[in-house]
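What follows is a set of notes on a single structure, which appears directly below.
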Amino acid sequence: MPRVIGRGKRRPVRLTLNTDGRPHPRENAMTIATLACGLVAFVTGFVVQAHMVASWVGAAGFWGGLYAQFVSSTTRQRALIIVGIVGSFVGAALGIAHGGFFPRGFTLRN
């Protein structure tokens, strides 16, 4: 009963993606990279002049995130990867809407 009424010992909060107790350095790196790409693409997607950055980083984050989701090991990794994929997709879509993958006026003519 002392735990119910009084203050008990609290465990320190550990922020980790390895909830299964095993290290996953490659999967963790892919998770963080996908999340970073999603954030960059999402933010630059709202800037019309940065349409190239949003398009390329968003596409790379989206496809890289799909692969990271395929090889992920833990639920926390998967949750963050989904956030990164959605941010990458939205950023890429806004970048494409604002001008696409190439500078304005760029043509592929001979």
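Only a predicted model underlies this, so the values are computations on that prediction, with no experimental measurement involved.
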Membership question, hydrophobic clusters at under 4.5 Å side-chain separation (ILVMFWY): are V48 and V53 in the same one?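 No, no single cluster joins them.
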Which label fits F70 and Y67: parallel for a plane angle under 30°, tilted from 30 to 60°, or perpendicular past 60°?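 The arrangement is tilted - the two ring planes meet at 30° to 60°.
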Can you tell me how the ring of W56 sits relative to the ring of F101, calling it parallel under 30°, perpendicular over 60° and tilted otherwise?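 Rings of W56 and F101: perpendicular, over 60°.
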Rounded at 0.5 Å granularity, tell me how far [atom1] in [X] sits from [atom2] in [Y].
X	Y	atom1	atom2	result
T31	I82	OG1	CD1	11.0 Å
Q69	L80	CD	CG	10.5 Å
R76	H24	CZ	NE2	12.0 Å
T74	E27	OG1	CD	9.0 Å
L94	T44	CG	OG1	9.0 Å
S73	R26	OG	CZ	9.5 Å

Surrounding CZ of F42 (heavy atoms of other residues, nucleotides or ligands, distance under 6.0 Å), is the total greater than 12? no
For a side chain to side chain contact (heavy atoms under 4.5 Å, CB included) check, start with the C-alpha distance between L35 and V83, then their side-chain angles and the critical distance, and finish with the verdict. CA-CA 7 Å; L35 195 60; V83 171; 3.9 Å; yes
Give a yes or no on whether the backbone of A50 and the side-chain of H98 come within a donor-acceptor separation of less than 3.5 Å.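 Pair absent, no side-chain N/O of H98 close to backbone of A50.
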Might you work through the side chain to side chain contact (heavy atoms under 4.5 Å, CB included) test for W63 and L66, ending with a clear yes or no? CA-CA 5 Å; W63 292 109; L66 289 179; 3.7 Å; yes
